[in-house]
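Reading through the structure tokens given below for one structure.
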There are 2 protein chains.
Amino acid sequence: MKDLKFTDETIEDLASLLKIFGDATRIRILLCLSKRDSYVGELAEQLGMTQSAVSHQLSVLKQSKLVKTQRQGKNILYAIADDHVSSIIETGLEHVMED
Amino acid sequence: MKDLKFTDETIEDLASLLKIFGDATRIRILLCLSKRDSYVGELAEQLGMTQSAVSHQLSVLKQSKLVKTQRQGKNILYAIADDHVSSIIETGLEHVMED
DNA sequence: CTTTCATATGAACATTTAATCATATGTTTA
DNA sequence: TAAACATATGATTAAATGTTCATATGAAAG
């Protein structure tokens with residue numbers, strides 16, 4: 001860690017971001033999307049959840065810019081937004097698995 | 001991301017771990033400890049929080065093995081447990097700052 | 001061994017959060 | 001344009017969470 005002085009706002013933003021990863025449903029969604037881009041309905045079916053629950057979480061993920069969307073007719077295709085997502089999950093997995 | 005098939009338990013563990021990072025107080029504590037190992041009282045003063053609040057959060061951090069302790073007389077010295085901690089925070093910061 | 005100092009812990013309370021249900025929005029097809 | 005389909009959204013509710021206050025534990029000093 002090079003720079004260690006951050007504003008309160010940066011810290012709040014960081015906490016808000018990392019909070020997003022602290023939910024099993026969202027992790028599952030992100031892992032699914034790591035495999036391949038998917039529609040909401042596909043995610044709901046694969047995760048065994050209601051369309052509404054998945055959609056709510058996708059909206060959280062999108063607000064935090066962790067996923068991005070692309071309309072395709074009636075459907076909306078969701079995808080991982082950038083590399084940081086996988087990076088954070090991967091590092092977390094390392095920590096969890098080293099026990 | 002090499003392996004993409006995880007058990008429910010692994011995912012729950014991962015979510016529980018990442019949830020720890022989703023709180024500004026805990027981030028602040030971790031950032032403080034990144035600078036140098038500290039006693040509970042030092043952290044409380046530096047963060048302007050009560051001893052109790054800090055201690056509660058330290059206990060959360062310790063349970064997740066994100067910090068480790070070492071008694072020194074009346075005091076207890078806290079330190080970052082391993083590299084994953086800084087790694088996750090760093091990646092999160094990158095994401096937050098790229099906007 | 002009693003007081004003091006540093007830290008931990010339990011209970012209580014207010015806030016946040018994730019799922020559900022019902023419904024709205026927006027796109028396609030008949 | 002009306003019906004069907006995919007997704008989003010608002011309100012509600014139950015559960016989880018962070019702080020506070022009071023108190024307990026445990027080590028050191030007198």
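Atom set for the values below is all heavy atoms of this structure, side chains included, hydrogens, waters and symmetry mates excluded. Proteins get letters first, then strands, A, B, ... in listed order; numbering begins at 1 in each. As the structure is a prediction and not an experimental result, all values here were calculated from the model.
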With a 3.5 Å distance limit and no angle check, can you tell me whether [X] reaches the backbone of [Y] through a side-chain donor-acceptor pair?
{"X": "A:E42", "Y": "A:Y39", "result": "yes"}
{"X": "B:R71", "Y": "B:G73", "result": "yes"}
{"X": "A:S34", "Y": "A:L30", "result": "yes"}
{"X": "A:H95", "Y": "B:L14", "result": "no"}
{"X": "B:R26", "Y": "B:F21", "result": "no"}

Return a single string for nucleotides 18-25 of chain D, one symbol per nucleotide in 5' to 3' order, where B is base contact, S is sugar-phosphate-only contact and - is none, cutoff 4.0 angstrom on heavy atoms. SSBBB---
For the pair A:E12 and A:K19, find out whether any cationic side-chain nitrogen is under 4.0 Å from an anionic carboxylate oxygen.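 Judged by the 4.0 Å cut-off on N to carboxylate O distance, A:E12 and A:K19 do not form a salt bridge.
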Those residues of residues 68-78 of chain B lying under 4.0 Å from DNA chain D by at least one heavy atom: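 Going residue by residue through residues 68-78 of chain B, the ones with a heavy atom under 4.0 Å of DNA chain D turn out to be B:R71, B:G73, B:K74.
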Starting at atom [atom1] of [X], determine the distance to atom [atom2] of [N], rounded to an integer number of angstrom.
{"X": "A:I29", "N": "D:dT7", "atom1": "CD1", "atom2": "P", "value": "13 Å"}
{"X": "A:Q63", "N": "C:dT17", "atom1": "CD", "atom2": "P", "value": "12 Å"}
{"X": "A:K62", "N": "D:dT9", "atom1": "NZ", "atom2": "C1'", "value": "14 Å"}
{"X": "A:L61", "N": "D:dT7", "atom1": "CG", "atom2": "P", "value": "16 Å"}

Atom CG of residue position A:D82 - does it have more than 12 heavy atoms of other residues, nucleotides or ligands inside 6.0 Å?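 More than 12 within 6.0 Å, yes.
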When you look at CD of B:E9, are more than 12 heavy atoms from neighbouring residues, nucleotides or ligands closer to it than 6.0 Å?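 Open.
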